[in-house]
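Please read the structure below before turning to the comments.
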Amino acid sequence: MGSKDAEEFRDALLDISSHTVKLDSPFDRVRCLEWVRKLSALPDDNLETSKIKNEYAQYLRIQVRNKCLHGPFEHPPPLNAALCPLAESLGNMICKEIPFLPKIGPICPVLHHKSPDGRAYVTAKQIPGGGVLCYMAVSPDGLQL
């Protein structure tokens, strides 16, 4: 992991640790700790893993600051399985809620979804020539889209 990525990850963990105590539910606090342990245990020897660690850490940071865990953080992290990219994980969660959408895979994620409570919005679209553009918006007061 590059020094900038490592610093970004450390900053996110410091922020998460200072805001976790403000979560209302003790179960959320425990789950947050489990996710921090999982992310910290991931190897940082390649760019892809570093990117995944930082994506999840930044997303968890936003949620903990707003005292609301949702999405992948509603459940404990997978014990022995590697984490898939955040966009793929969120896409698959949306597909579980909306059965007629195709399962999102690593090749061609194309989706958009607003959470039932109106506080989160995610969209992902394949970029011609390779890559994915992922946009996430989270607001404790709800989003007007």
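Atoms considered below: every heavy atom in the structure, side chains included; atoms not considered: hydrogens, waters and symmetry mates. One-based numbering along the sequence shown.
Leu33 is not listed as a side-chain neighbour of Thr20, based on a closest heavy-atom distance of 4.5 Å or more. Contact of the Asp15 side chain with the Val64 side chain is not registered, since no non-hydrogen atoms from C-beta on lie closer than 4.5 Å. Looking at Arg29 and Pro26, their side chains come closer than 4.5 Å, going by heavy atoms from C-beta outward. Contact annotation: the side chain of Pro77 never approaches that of Leu39 to less than 4.5 Å [non-hydrogen atoms, C-beta and beyond]. Under the 4.5 Å side-chain criterion, counting only non-hydrogen atoms from C-beta, Cys32 is in contact with Ile16. Ile62 places a side-chain heavy atom less than 4.5 Å from the side chain of Asn66.
At least one donor-acceptor pair under 3.5 Å links the side chain of Lys53 to the backbone N or O of Leu42. The closest donor-acceptor contact from the side chain of Asn92 to the backbone of Glu88 lies under 3.5 Å. With hydrogens and angles ignored, the 3.5 Å screen pairs no side-chain donor or acceptor of Lys67 with any backbone N or O of Asp24. Between the side chain of Ser17 and the backbone N or O of Leu14 there is at least one donor-acceptor pair closer than 3.5 Å. In this structure, Glu34 contributes its side chain and Pro76 its backbone to no donor-acceptor pair below 3.5 Å. Proximity of a side-chain donor or acceptor of Gln58 to a complementary backbone N or O of Ala12 within less than 3.5 Å is not detected. Under the 3.5 Å distance criterion, the side-chain polar atoms of Ser89 are left unmatched by any main-chain donor or acceptor of Pro85.
Rounded to the nearest 0.5 Å, atoms NE2 (His19) and CG (Leu60) are 12.0 Å apart. The OG atom of Ser50 lies 13.5 Å from the NZ atom of Lys4; values are rounded to the nearest 0.5 Å. Residue Asp28 holds its CG atom at 4.5 Å from CZ of Arg31, rounded to the nearest 0.5 Å. Rounding to the nearest 0.5 Å gives a distance of 8.0 Å between CZ of Arg61 and CD of Glu8.
Between Lys38 and Leu83, the shortest heavy-atom contact is CE-CG, 4.2 Å. Of all non-hydrogen atoms in Ser40 and Leu13, the two that sit nearest each other are OG-CD1, 3.5 Å. Closest of all the heavy-atom pairs between Leu86 and Glu55 is N-OE1, 3.2 Å. Taking every heavy atom of both residues into account, Pro43 and Thr49 meet most closely at O-CG2, 2.7 Å.
Residue pairs meeting the ring pair (Phe, Tyr, Trp, His ring centres under 6.0 Å) criterion with at least one member in residues 37-68, sequence neighbours excluded, are Trp35-Tyr56, Tyr59-Phe73.
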